[in-house]
Amino acid sequence: MHQSEQVAINSLRVISAEAVEKAKSGHPGLPLGAAPIVYTLFARHLKFNPKDPEWIDRDRFVLSAGHGSALLYATLHLFGYDISMDDIQSFRQVGSKTPGHPEYRHTPGVEITTGPLGQGIANGVGMAIAETRLAAVVNDDQGELIDHYTYVLCGDGCLMEGVASEAASLAGTLQLGKLILLYDSNHITIEGDTSIAFTENVAKRFDAYGWDVGTVEDGNDIDAIDAAICAAKKQTGKPSIIIVKTEIGFASPKQGMASAHGEPLGPVNIDILRKNLNCQEPSFAVPAEVCQLVEAILAKKSDNYKAWQKKHQELKKAGAPGIGRLETLYSKENVISAIMDLSFKKGVEKPVATRISSGEILNSISPKLPSLMGGSADLGPSNKSTMNDRTYFSPLDPAGSNIHYGVREHAMAAIANGLSVHGGVIPFVSTFLVFADYMKPSLRLAALMRLPVIYVFTHDSIGVGEDGPTHQPIEHLAMLRSLPNFAEFRPADYNESLVGWRLALTSTSTPFALVLSRQNLKQFDETGSGAIHGGYILVDSEKPSPDIILIGTGSELELVYEAGKKLKNMGIDARVVSMPSQSLFAIQTDEYKESVLPSSVTARIVVEAANSYGWHQYATPKGKIIAIDSFGESGPAGSLFKKFGFTVENIVGTAMQLIRSL
């Protein structure tokens, strides 16, 4: 190690600690201990261009231990990204580029939002899957345009989280040789030494997963770290973990102490830190010799970037097939043409479950959309989420695009986030709606990052039947609807399912959940493009102002449709509204919403076989909601719908009582 490299590492340490001190909050412990790991990676290995942070063949770096963000920001500043020292001095302040945990689409150089521990490991698995598949599809004898690594820095806490275990198990099975996990092993968490809760042998654990395992005994020895990374790169048939033994809060009076994790060091301790590291520069300053060192490093990286760009242009000029395949994977126009080719169906008499309709639509799209990649948490036959024209992604078939996730719902959702941010892939994942509970942290992060991940949730109600209340979702739609920037869509038939897929595939900044039935449903002639608004008039009233409005979603639309016909036969003028998506209806113009649900009509009934939460805004105080605010039961679906009041007779009776009461 050159002396200037040690100065660079110490500069990263001091600047990180000073940022935390100035903010009066943050986590100085990891930056002080892990700075040599991150410096070695950026200086000696990571392939990137700070002037083109979206370069598709860059290496990806994920800070799974997102609380160490001060170190990431200092490193990105040092290596030329658009993060100024003023930005670093604004650490954790409102509106700054340097929030408390790294945020995707907010800070240049941040590949994905992290903070909830363990997520970054699973995200990295997704990025490595994407790189492997793109390389298999794009690269050929004429040239390799895709050849990069995914690096993840994690801590003890990340490895305690179940999502990390799920993802690491799958990564070993898939033999993701371009994935390298750097484990900052300092044996400290917020509550103290890891001996109180985490005593397993991590090396043996990852060996059992099928990973290559390396160890660096001294986390300050960057030559040893460098050698370990070089060795990991040679393990092309396995993902690698490098266990780097560090000291939390290194060189400060709090070295090795739990208190170094999540609180500022204090002015006195900052002074001691600076003295221990022989830091003579003013606060928030980078020594000149470090600037010169980094300038030389970046010049070499720039040469590599220019060589890639030259190769790309030469292949494009020559009309190389790989270029065409690469452009197709990233094409937005290809997405639109694939989904818009499909037409609505009319005159269908046979009832069909929306999961079946969704599977048919998926398989009509997949031959035209090679960027689609996805699968199910071991429920593909039930979810109808398998692309029949595609093979499965595996070590023997890296070009495959169906994914066997196994029974790993949480990792599946987090991996999909990694697939999405990587690019070149449109990810979808699938399971039963009730298991969205297992996925919630990753759904939330997808919404926060504005990732257009597609979720295919089937078996959406008590219609699951005999499997009973453990498998019958009740509160899950309310959960999805409560997420900011998240769209749920519960279609009633094939036509609405087609609209849902169109919306999902053309979304650019909103995760989209298709919520589908297990049981067969009536197919309507009246459904269609109106569903794009989230709610629309299915059967209009004969008078300018209806006597009553019936609102249904999914499998219950048939019930309100038939109830509306019966009411009209009884002289009651009913308007039937299909509302597959509260989220989409809520963002329509006030004029549109008033045209569907005129405020003058207070006689309204909402029918949905789920929790009533959120429906009061559309039922109005004088209206009624036929929902289920308890758990279900085990029994045939038809019997359950009858028991819980989801019948035409109950809707008609409720409507008559409501009209008489107004």
Side-chain angles (χ1 to χ4, degrees), residues 6 9-39 63-75 88-93 96 98-102 114-121 153-161 164 182-200 202 216-221 243-279 283-284:
Q6 185 63 66
I9 291 166
N10 290 344
S11 295
L12 292 175
R13 285 169 162 152
V14 170
I15 291 170
S16 299
E18 288 177 336
V20 172
E21 189 65 34
K22 190 172 190 299
K24 302 303 179 188
S25 74
H27 303 76
L30 182 147
L32 294 177
I37 303 173
V38 176
Y39 171 81
L63 182 64
S64 185
H67 54 274
S69 59
L71 174 59
L72 178 57
Y73 302 144
T75 304
I88 292 175
Q89 293 190 62
S90 298
F91 180 55
R92 287 184 160 231
Q93 304 309 300
S96 77
T98 52
H101 290 83
T114 56
L117 295 180
Q119 292 285 329
I121 295 175
L153 178 66
C154 76
D156 297 293
C158 289
L159 293 184
M160 295 185 207
E161 292 285 0
L182 298 157
Y183 169 28
D184 174 34
S185 177
N186 59 40
H187 298 290
I188 294 292
T189 61
I190 292 174
E191 293 186 357
D193 192 282
T194 54
S195 62
I196 62 176
F198 187 60
T199 59
E200 67 203 46
V202 171
V216 175
E217 294 292 340
D218 180 3
N220 288 308
D221 185 346
I243 302 170
V244 186
K245 297 181 180 180
T246 65
E247 287 278 343
I248 194 170
F250 178 81
S252 79
K254 293 188 176 184
Q255 179 173 326
M257 300 169 60
S259 60
H261 170 82
E263 59 186 48
L265 297 176
V268 174
N269 288 336
I270 288 287
D271 289 341
I272 295 172
L273 173 71
R274 292 173 63 86
K275 182 178 180 181
N276 288 343
L277 295 176
N278 194 30
C279 180
S283 295
F284 296 104

> For E217, which residues count as a side-chain contact (heavy atoms from CB on, under 4.5 Å) partner, sequence neighbours excluded?
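If we apply the side-chain contact (heavy atoms from CB on, under 4.5 Å) test to E217, skipping adjacent residues, the hits are T215, K245.
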> Under the salt bridge (charged side-chain N to carboxylate O under 4.0 Å, His left out) test, which residues partner K22, sequence neighbours left out?
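So K22 forms no salt bridge (charged side-chain N to carboxylate O under 4.0 Å, His left out) with any residue.
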> Looking at S64 and G118, what are the two nearest heavy atoms and their distance?
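Minimum heavy-atom contact is OG-N, 3.9 Å.
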> Output side-chain donor-acceptor pairs under 3.5 Å for residues 11-18, partner residues at least two apart or in another chain, one line each.
from: S11; atom 1: OG; to: V7; atom 2: O; distance (Å): 2.9
from: R13; atom 1: NE; to: L32; atom 2: O; distance (Å): 2.7
from: R13; atom 1: NH1; to: N10; atom 2: OD1; distance (Å): 3.2
from: R13; atom 1: NH2; to: L32; atom 2: O; distance (Å): 3.3
from: R13; atom 1: NH2; to: N220; atom 2: OD1; distance (Å): 2.6
from: S16; atom 1: OG; to: L12; atom 2: O; distance (Å): 2.7
from: S16; atom 1: OG; to: A70; atom 2: O; distance (Å): 3.4
from: E18; atom 1: OE1; to: F284; atom 2: N; distance (Å): 2.9
from: E18; atom 1: OE2; to: R274; atom 2: NH1; distance (Å): 2.6
from: E18; atom 1: OE2; to: S283; atom 2: OG; distance (Å): 3.3

> In chain order, what residues pass the side-chain contact (heavy atoms from CB on, under 4.5 Å) check against T189, with sequence neighbours excluded?
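Partners of T189 by the side-chain contact (heavy atoms from CB on, under 4.5 Å) criterion, ordered by chain and then number, come out as D156, M160, T194.
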> Quick one: side chain to side chain donor-acceptor pair (under 3.5 Å) partners of D271, sequence neighbours excluded?
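Applying side chain to side chain donor-acceptor pair (under 3.5 Å) to D271 gives none.
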> What residues, two or more places apart in sequence or in another chain, satisfy salt bridge (charged side-chain N to carboxylate O under 4.0 Å, His left out) together with E161?
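Counting only residues at least two positions away or on another chain, E161 forms no salt bridge (charged side-chain N to carboxylate O under 4.0 Å, His left out).
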> In chain order, what residues pass the side chain to side chain donor-acceptor pair (under 3.5 Å) check against Y73, with sequence neighbours excluded?
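Applying side chain to side chain donor-acceptor pair (under 3.5 Å) to Y73 gives none.
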> Working to the nearest 0.5 angstrom, can you tell me the gap between L182 CG and I243 CD1?
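It comes to 11.0 Å.
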> Tell me every residue that passes side-chain contact (heavy atoms from CB on, under 4.5 Å) with I272, counting only those two or more places apart in sequence or in another chain.
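For I272 the side-chain contact (heavy atoms from CB on, under 4.5 Å) partners, ignoring immediate neighbours, are P253, V268, N269, N276.
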> Taking the side chain as everything from C-beta on, heavy atoms only, tell me whether R92 gets closer than 4.5 Å to H101.
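Yes, at least one pair of side-chain atoms sits under 4.5 Å.
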> Enter the distance from I188:CD1 to I248:CD1 here, rounded to the nearest 0.5 Å.
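Interatomic distance, I188 CD1 to I248 CD1, rounded to 0.5 Å: 6.5 Å.
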> For C158 and A65, which heavy atoms make the closest approach, and how far apart are they?
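Of all heavy-atom pairs spanning C158 and A65, the closest is SG-N, 3.9 Å.
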> Going by the rule salt bridge (charged side-chain N to carboxylate O under 4.0 Å, His left out), which residues pair with E200 if we only count those two or more places apart in sequence or in a different chain?
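Result, salt bridge (charged side-chain N to carboxylate O under 4.0 Å, His left out) vs E200: R205.
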> Quick one: list whatever passes side chain to side chain donor-acceptor pair (under 3.5 Å) with K275, sequence neighbours left out.
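Residues passing side chain to side chain donor-acceptor pair (under 3.5 Å) with K275: none at all.
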> Under 3.5 Å, is there a donor-acceptor pair between the side chain of S69 and the main chain of G100?
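Side chain of S69 to backbone of G100, a donor-acceptor pair under 3.5 Å: yes, one is there.
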> For T246, give me all partners under side chain to side chain donor-acceptor pair (under 3.5 Å), at least two apart in sequence or on another chain.
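Side chain to side chain donor-acceptor pair (under 3.5 Å) check on T246 returns D184.
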> Provide the closest heavy-atom pair for L63 versus P102 in the form atom of the first, atom of the second, distance.
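In this case the closest contact between L63 and P102 is CD2-CG, 4.2 Å.
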> Looking at S96 and S90, would you say the former's side chain and the latter's main chain have a donor-acceptor pair under 3.5 Å?
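Yes, because the side chain of S96 sits within donor-acceptor range (under 3.5 Å) of the backbone of S90.
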> Apply ring-ring contact (aromatic ring centres under 6.0 Å, His included) to the pair H27 and H261, showing each step before the final yes or no.
CA-CA 5 Å; H27 303 76; H261 170 82; 5.0 Å; yes
> Closest approach of L273 and S252, non-hydrogen atoms and distance?
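Of all heavy-atom pairs spanning L273 and S252, the closest is CD1-N, 4.0 Å.
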> Of all heavy-atom pairs between T114 and G66, which one has the smallest distance, and what is that distance?
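Answer, listing the atom of T114 first, then G66: OG1-CA, 3.6 Å.
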> Hey, what do you get for CG (D193) to OG1 (T199), rounding to the nearest 0.5 Å?
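Those atoms lie 10.5 Å apart.
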> Output every pair passing salt bridge (Lys or Arg N to Asp or Glu O under 4.0 Å) with a member in residues 27-36, not counting sequence neighbours, ordered by first then second residue.
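Every pair satisfying salt bridge (Lys or Arg N to Asp or Glu O under 4.0 Å) with a residue in residues 27-36: there are none.
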> Any chance you could measure H67, atom NE2, to L72, atom CG, to the nearest 0.5 Å?
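One finds 12.5 Å between NE2 of H67 and CG of L72.
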> Of all the heavy-atom pairs spanning S259 and E263, show the shortest one and how long it is.
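For S259 versus E263, the nearest heavy atoms are O-CG, 3.0 Å.
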> Rounded to the nearest 0.5 Å, what separates atom CD in E21 from atom CZ in F91?
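Separation between the atoms: 12.0 Å.
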> Taking the side chain as everything from C-beta on, heavy atoms only, tell me whether Y183 gets closer than 4.5 Å to V202.
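Side-chain contact under 4.5 Å: yes.
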> Using the rule side-chain contact (heavy atoms from CB on, under 4.5 Å), only one of T75, V38, L71, V20 pairs with P31; which is it?
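Passing option: L71.
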> Return the CZ to CG distance between F250 and N186, rounded to the nearest 0.5 Å.
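Answer rounded to 0.5 Å: 13.0 Å.
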